[in-house]
Number of protein chains: 2
Amino acid sequence: MTITRNTVQREIILQTVLGMDNHPSADEVYAKLRPENPSISRATVYRNLELLARQGKILHIRTPRGADCFDFNINDHHHLRCEVCRRVFDIDVSDIPKIDYDKIDSEGYLINGYNISFYGICPKCQENERSNI
Amino acid sequence: MTITRNTVQREIILQTVLGMDNHPSADEVYAKLRPENPSISRATVYRNLELLARQGKILHIRTPRGADCFDFNINDHHHLRCEVCRRVFDIDVSDIPKIDYDKIDSEGYLINGYNISFYGICPKCQENERSNI
DNA sequence: ATGACTGCAAAGGGTTTGCATTGAA
DNA sequence: TTCAATGCAAACCCTTTGCAGTCAT
């Protein structure tokens with residue numbers, strides 16, 4: 001691991017994510033801490049979220065379509081992006097077989113890992129669709 | 001399905017994708033057809049690739065990090081995005097269990113589908129890494 | 001004193017959109 | 001005749017980067 005220094009900004013960003021339970025995007029983290037910390041820049045938020053994820057302190061969730069999100073829950077679990085509100089949620093899909101293709105070699109391709117991401121509609125947006133039509 | 005009209009642009013875009021075997025991004029399709037068809041606009045390429053994918057004539061591949069790609073091979077298969085050159089490749093990872101969570105309901109979440117995308121390093125980039133160090 | 005880190009603003013990549021016009025049906 | 005589709009440019013979202021200055025070590 002490269003040398004890092006402890007900055008107040010980094011700690012504030014970490015604590016902000018730990019206090020949010022809704023898979024915030026970098027911009028949502030920025031918006032959340034901005035009122036009390038107006039001098040922290042958006043670039044610093046992006047840079048530190050990435051660094052904290054590399055350190056394993058938070059989870060960096062990347063899914064197609066929509067901003068990357070971050071999660072205080074670093075345990076292995078699955079996510080769904082709502083196709084209506086574009087937000088990310090934990091979903092409980094038990095017995096998803098764990099694919100053991102980590103670091104294997106497939107016809108010359110070095111596979112370092114994989115992402116599974118679900119898409120669908122969250123409960124709130126389903127409800128809105130029912131009442132708005 | 002909504003009403004569509006057959007335009008020459010759409011046919012050119014379709015034929016261009018069918019003639020490319022390298023999972024082109026929308027911009028790569030645009031670049032490919034531009035020399036012979038300089039009047040077709042980038043917006044038209046984006047709009048038609050999406051429409052053709054909705055019609056099931058091509059495959060729209062969405063992975064985290066990097067542009068969406070399109071594929072003439074509409075059979076169900078898996079993709080890997082090279083972390084070095086950012087390109088998308090077919091990979092042969094047999095016996096990936098098919099997850100049967102299509103259209104099921106999990107704690108109020110309507111699951112419409114899922115993406116699995118692998119990441120790693122393609123053969124050419126592995127070779128470059130070996131020789132460049 | 002060193003260089004990791006910051007804030008700022010600008011640029012970047014990928015994609016979508018508003019609008020007037022065109023052309024397939 | 002109609003309205004789906006086009007071309008254009010501008011806007012959009014998300015993210016990264018260059019740079020000069022700052023601050024943890």
Check whether the side chain of B:R86 and the base of C:dG13 form a donor-acceptor pair under 3.5 Å. no
hbond_proxy B:R65 side chain to C:dG13 base (donor-acceptor, 3.5 Å cutoff): no
Can you work out whether B:H60 or A:S41 has the more 5'-proximal nearest nucleotide on DNA chain C? A:S41
5' precedence on DNA chain C between A:I13 and B:Y46 (nearest-nucleotide basis): A:I13
Of all heavy-atom pairs linking A:I13 and A:V45, the shortest is CD1-CA, 3.7 Å
I need the minimum non-hydrogen distance between B:Y30 and B:R42, along with the two atoms involved. CE1-N, 3.4 Å
On the 0 to 90° scale, with breaks at 30° and 60°, tag the A:F118-B:Y114 ring pair as parallel, tilted or perpendicular. tilted
Would you please confirm or rule out a distance under 4.0 Å between OP1 or OP2 of [N] and any side-chain N or O of [X]?
X	N	answer
A:N6	D:dT25	yes
A:T7	D:dC23	no
A:Q9	C:dG7	yes
A:R10	C:dC5	yes

State plainly whether the residues B:R54 and B:E50 are in salt-bridge range, i.e. N to O under 4.0 Å. yes
Interatomic distance, [X] [atom1] vs [N] [atom2] [rounded to whole Å]:
X	N	atom1	atom2	answer
A:R62	D:dC14	CZ	C1'	13 Å
A:L52	C:dA4	CG	C1'	15 Å
B:R42	D:dA5	CZ	C1'	19 Å
A:I12	C:dC5	CD1	C1'	14 Å
A:F70	D:dC14	CZ	C1'	11 Å
B:N48	C:dT15	CG	P	15 Å
B:E50	C:dT15	CD	C1'	11 Å
B:L33	D:dG7	CG	C1'	14 Å

A:R5 or B:L51, whichever maps to the more 5' nucleotide of DNA chain D: B:L51
Does the gap between the ring centers of B:F70 and B:H23 come in under 6.0 Å? no
Select base, sugar-phosphate, or nothing to describe what A:S39 touches, counting heavy atoms under 4.0 Å on all strands. sugar-phosphate
When we call it a touch if two heavy atoms are under 4.0 Å apart, what does B:A67 touch: a base, just sugar-phosphate, or nothing? sugar-phosphate
